[in-house]
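Start at 1 and go down the list; that is how both ligands and their atoms are numbered.
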Amino acid sequence: MTLLLDGRAVSEKLRARIKEKVESFVRKGFRRPGLAVVLVGDDPASVVYVNNKRKACKKVGIESFFYHLPQDTPEGRLLSLIDELNKDERVDGILVQLPLPEQIDRLKVIEAIDPSKDVDGFHPQNMGLLVAQSEKGFIPCTPLGIDLLLRHYGIEVKGLNAVVVGAGFIVGRPLSLLLLWRNATPTVCHVYTKNLKEHTLKADLLVSATGVPGLIRGDMVKEGAVVVDVGISRVGGKIVGDVVFDEVAPKARAITPVPGGVGPMTVTALLLNTLKAYERHLSSTIKP
Ligand code: GUN
């Protein structure tokens with residue numbers, strides 16, 4: 001029987017624990033944790049993601065502060081907002097939803113965020129701490145969510161051949177570093193990779209993060225592999241992943257569904273990173 005990696009159920013459990021922690025701080029008289037969510041423009045997928053994140057915050061007692069800027073916002077305006085948020089003591093985490101409009105340099109924006117508030121883990125300091133395998137940094141939310149999901153089901157990645165399809169800055173790249181941290185043997189495939197199937201067939205753990213619906217077919221997957229689908233695409237009004245689930249699931253030892261797999265775990269990881277930032281900020285401001 002194939003094990004279904006149920007990100008919704010695992011998230012529910014983890015979020016209940018986050019809520020308990022938050023409420024115990026509040027009962028002791030501390031302020032609530034705060035997350036600033038910045039959206040530039042009206043990309044429909046981004047609007048959905050941002051709303052999900054804000055709803056999730058509310059449910060666990062994290063305050064969210066929403067900044068919705070127009071599509072034609074100049075880079076300088078966004079940078080000055082980040083400067084304000086860096087100084088704002090109610091704000092523990094700053095999330096600038098990606099992608100950004102083309103007039104704005106993504107790296108400049110990420111570098112402007114105070115690394116202690118960079119709950120997305122995209123700042124070069126946090127990326128460096130991921131390479132250094134230091135708990136001091138923030139791990140990007142989707143890789144962290146996948147790590148938590150696999151751990152929850154007792155899936156040990158140490159020693160596995162882990163093939164990551166997609167080398168993007170949000171998922172593929174940081175995930176390959178996290179897998180290396182966890183002592184797997186990662187291979188990263190991307191659009192220029194020759195003969196993708198040759199690589200995927202060797203995977204004990206196969207993660208696809210491309211956004212290409214139906215990319216991973218049954219004949220590309222090894223019998224008994226663990227398959228994690230990060231893709232979220234809308235096809236004919238339906239949300240689908242990168243993996244052809246009906247072909248791949250019978251061969252897999254374990255697989256994530258789409259929706260209800262990695263998606264909720266990404267949001268849960270964001271809540272955890274925000275709580276971590278909050279606890280750090282409290283302990284750096286309270287003098288014994
Ligand atoms: N766009 C897609 N995924 C993410 C994410 O994890 N964080 C941010 N900031 N933007 C995204």
Would you check if the side chain of Thr2 reaches a backbone N or O of Ala252 as a donor-acceptor pair within less than 3.5 Å?
yes
Please determine if [X] and [Y] form a salt bridge, counting it only when a charged side-chain N lies under 4.0 Å from a carboxylate O.
X	Y	value
Arg32	Asp92	no
Glu20	Arg15	no
Arg90	Asp88	yes

Can you list the steps and then say if Tyr278 with Phe30 is a ring-ring contact (aromatic ring centres under 6.0 Å, His included)?
CA-CA 11 Å; Tyr278 167 73; Phe30 295 108; 7.6 Å; no
Name every donor-acceptor pair, under 3.5 Å, that has one atom in a side chain of residues 198-221 and the other anywhere in the protein, sequence neighbours excluded.
| from | atom 1 | to | atom 2 | distance (Å) |
| --- | --- | --- | --- | --- |
| Glu198 | OE2 | Asn195 | ND2 | 3.1 |
| Thr200 | OG1 | Lys197 | O | 3.2 |
| Thr200 | OG1 | Met220 | O | 2.8 |
| Asp204 | OD1 | Lys222 | NZ | 2.8 |
| Asp204 | OD2 | Asn161 | N | 2.7 |
| Ser208 | OG | Asp242 | OD2 | 2.8 |
| Thr210 | OG1 | Val212 | N | 3.0 |
| Thr210 | OG1 | Asp242 | OD2 | 2.9 |
| Arg217 | NE | Glu247 | OE1 | 3.0 |
| Arg217 | NE | Glu247 | OE2 | 3.4 |
| Arg217 | NH2 | Glu247 | OE2 | 2.6 |
| Asp219 | OD2 | Lys197 | NZ | 3.4 |

Ligand 1 N/O to protein N/O, distances under 3.5 Å:
| from | atom 1 | to | atom 2 | distance (Å) |
| --- | --- | --- | --- | --- |
| ligand 1 | 1 (N) | Gln97 | NE2 | 3.2 |
| ligand 1 | 1 (N) | Leu98 | O | 2.9 |
| ligand 1 | 7 (N) | Asp120 | OD1 | 3.0 |
| ligand 1 | 7 (N) | Asp120 | OD2 | 3.4 |
| ligand 1 | 9 (N) | Val96 | O | 2.9 |
| ligand 1 | 9 (N) | Asp120 | OD2 | 2.6 |
| ligand 1 | 10 (N) | Leu98 | N | 3.0 |

